[in-house]
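I have placed the structure first, in the form of structure tokens, so that the comments after it can refer back to it.
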Amino acid sequence: MALEIKIPAVGESITEVTIAKWLKKDGEAVKRDEVIAELESDKATFELPAEADGILKIRVAEGETIGIGTVIADLDGAVTGAAPAPAATAPAPAAASAPAADPINKGEENPAASDQAGYGGAAAAAPAAPAAGGGSVEMKIPNVGESIAEVTVAKWLKEDGAQVSRDEVIAELESDKATFELPAEAAGILRHAVKEGETISIGAVIARIEGGSGAAPAAPAAPAPAAAAAAAPVAALASAPVAGGAATYATGVPSPAAGKILDEKGIAATDVAGTGRDGRITKEDAQNAQAKPAAAPALQAAPATAQVPATSSQAAGGSREVRRERMSNLRKTVARRLVTVKNETAMLTTFNEVNMQPIMDLRNKFKDQFKAKNGVGLGFMSFFTKAVCVALKEWPSVNAQIDGTDIVFNDFCDISIAVSAPKGLVVPVIRNAEQLSFEGIEKEVVRLAGLARDNKLTIEQMTGGTFTLTNGGVFGSMLSTPIINAPQSAILGMHNIIQRPIAENGQVVIRPMMYLALSYDHRIIDGRESVSFLVRVKELLEDPSRLLLGV
């Protein structure tokens, strides 16, 4: 019987993919869950596993671009059973012990389903083995935002095998926009289905919660396969048929990208410990492994080259180790968006300077009374926010944005505040800032900054801004050209306050001065609007009484 292999759904906004590479040849025998092809979309690269054992018949040539759901190959003589023929020679008791050897799967779901769920596609159903003990609840990744198709398991807050209560937070999930907490959907024993650091699709199974006392005895069996895999990953792979699922085809097997790196470096896959799903060697594993073979020859060659004059690097001594870390989804998104803005907007920056003495005098005079009354300090951000809101009302194009061939003007001021959070730059939004008082703005700034530091910001709190304020001065920046926060059309950069001599009423005096930088999209904001806007902000800041009187 022939089984059709179709392109699975790999993301909400992805409608077509390219066959980047066939990893198995036409007419070649393949095993269930064996990776047969590498698919490439405009956002990422995916691996396509076989849904059954059989003979591969390729329908679509390498390099072709096809739509989601298209049939790309057939598996002739497909066998969808759980085990291939050679495994039948294993003693019956070993097969019966499969649930204990793999407490994560418990025989309830074929591992292929978990693998394919990571690609956003549906897995072929497999006969389910009887589950030991009580029932279990599958924990799936919830929908955390309209445009979010995948998340990363940033941190497990509860260990595999731990007892958890309903609504207890068990994991921290990270998308390209924010961090979320995942609460337990039931009380019971937690079984991880995904490793920390893995990226999986919305709706994929991340864990199971085993209920009832009958499931508890399976917990002690977990350390045995785990310890064996850590001590000898190759041996664990070899014993996979007997262990009844303790290891899979992926254990010790490099991904296509990882395999290419290892081949270039001359490193055997058996010398690399895989950290991917089921022990698979990831691209990062291969990149990190290249330092090991480089270090050994250097040490061995040291005695032989002792008589050769030392180079400057050798003479300097000290550590020359290199550390490599995976980019977080947030950092990757920030990088992609900034490059997009630079490439797709006519960005220009205009500068001015402001004398901060009037604001500093006002703050020094009333800051104690302000804090005693409102419970929050009087900072510079409220003055800048109020000044910007007034100027935006007078120059609406600075508060507008491009949507296709239209310009969208906003009659409200949702001011985005750039905040440096532990995991990267985030930009929470102060809604309708033009209607807030100094007290209201300061409280919003404190509240949003606190959420950012604790990684508690939601998607809604970071989207929809119409104009952005960024303060590089807190880090000592004297002058910069900030990049627009798309789809907005302008951003105001604040900088550090420096005592500088200036001319005032024919006299040279020392004043606390700050440079202001307005970066804007020249496609909809002309020089007259941008310069006039910045001059208006300068006037309001140098005479804060204008903010109170609205003149």
Side-chain angles (χ1 to χ4, degrees), residues 178 354 356 358-359 362-363 365-367 369-403 407-419 426-452 456-471 482 484-494 516 518 520 524-525 529-530 532-551:
V354 57
M356 297 295 291
I359 291 179
L362 193 62
R363 287 181 69 242
K365 184 177 181 180
F366 295 110
K367 64 180 181 181
Q369 297 94 315
F370 186 90
K371 187 168 186 178
K373 177 182 178 182
N374 303 310
V376 65
L378 180 61
F380 292 123
M381 193 58 70
S382 54
F383 288 94
F384 276 86
T385 303
K386 294 293 287 185
V388 161
C389 289
V390 172
L392 288 176
K393 290 293 185 180
E394 297 177 6
W395 303 101
S397 62
V398 184
N399 199 39
Q401 61 193 55
I402 293 179
D403 183 14
I407 299 177
V408 179
F409 292 92
N410 304 295
D411 60 0
F412 54 88
C413 300
D414 283 355
I415 306 299
S416 303
I417 307 293
V419 178
V426 293
V427 193
V429 180
I430 300 177
R431 307 290 178 187
N432 287 107
E434 78 282 359
Q435 298 180 9
L436 297 178
S437 62
F438 281 79
E439 170 199 355
I441 293 173
E442 291 294 349
K443 287 184 176 179
E444 272 295 278
V445 170
V446 171
R447 184 181 71 88
L448 294 173
L451 292 173
K456 303 290 187 182
L457 287 171
T458 64
I459 298 298
E460 291 74 17
Q461 290 170 327
M462 292 190 291
T463 55
T466 62
F467 184 88
T468 296
L469 285 173
T470 179
N471 187 4
I484 299 169
N485 180 23
Q488 300 171 20
S489 298
I491 179 173
L492 181 67
M494 304 159 56
L516 299 181
L518 178 72
Y520 60 96
I524 63 171
I525 303 174
E529 284 84 0
S530 62
S532 300
F533 171 87
L534 197 54
V535 169
R536 181 60 168 149
V537 170
K538 172 184 169 69
E539 290 175 352
L540 293 167
L541 293 173
E542 291 186 339
D543 188 0
S545 59
R546 289 174 176 267
L547 294 174
L548 303 176
L549 300 175
V551 295

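Being a predicted model, the structure only gives us computed values, none of them experimental. For the single chain, residues carry numbers from 1 onward in sequence order.
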Any chance you could measure [X], atom [atom1], to [Y], atom [atom2], to the nearest 0.5 Å?
X	Y	atom1	atom2	result
Ile525	Ser530	CD1	OG	7.5 Å
Ser437	Lys443	OG	NZ	8.0 Å
Ile417	Thr468	CD1	OG1	8.0 Å
Ile415	Cys389	CD1	SG	4.5 Å
Lys456	Gln461	NZ	CD	12.0 Å
Leu378	Phe366	CG	CZ	10.0 Å

Look only at the side chain of [X] and the backbone of [Y], and say whether a donor-acceptor pair between them is shorter than 3.5 Å.
X	Y	value
Lys393	Cys413	no
Asn399	Asn410	yes
Lys386	Leu436	yes

Considering only heavy atoms from C-beta outward, does the side chain of [X] approach that of [Y] to under 4.5 Å?
X	Y	answer
Ile407	Gln401	no
Leu469	Val388	yes
Asn374	Glu442	no

Any chance you could lay out the ring-ring contact (aromatic ring centres under 6.0 Å, His included) test for Tyr520 and Phe467, step after step, and finish with the verdict?
CA-CA 10 Å; Tyr520 60 96; Phe467 184 88; over 10 Å; no
Flag the pair Phe438 / Phe383 as yes when their ring centroid distance falls below 6.0 Å, and as no otherwise.
yes
What pair of heavy atoms forms the shortest contact from Asn485 to Val427, and how long is it?
ND2-CG1, 3.7 Å
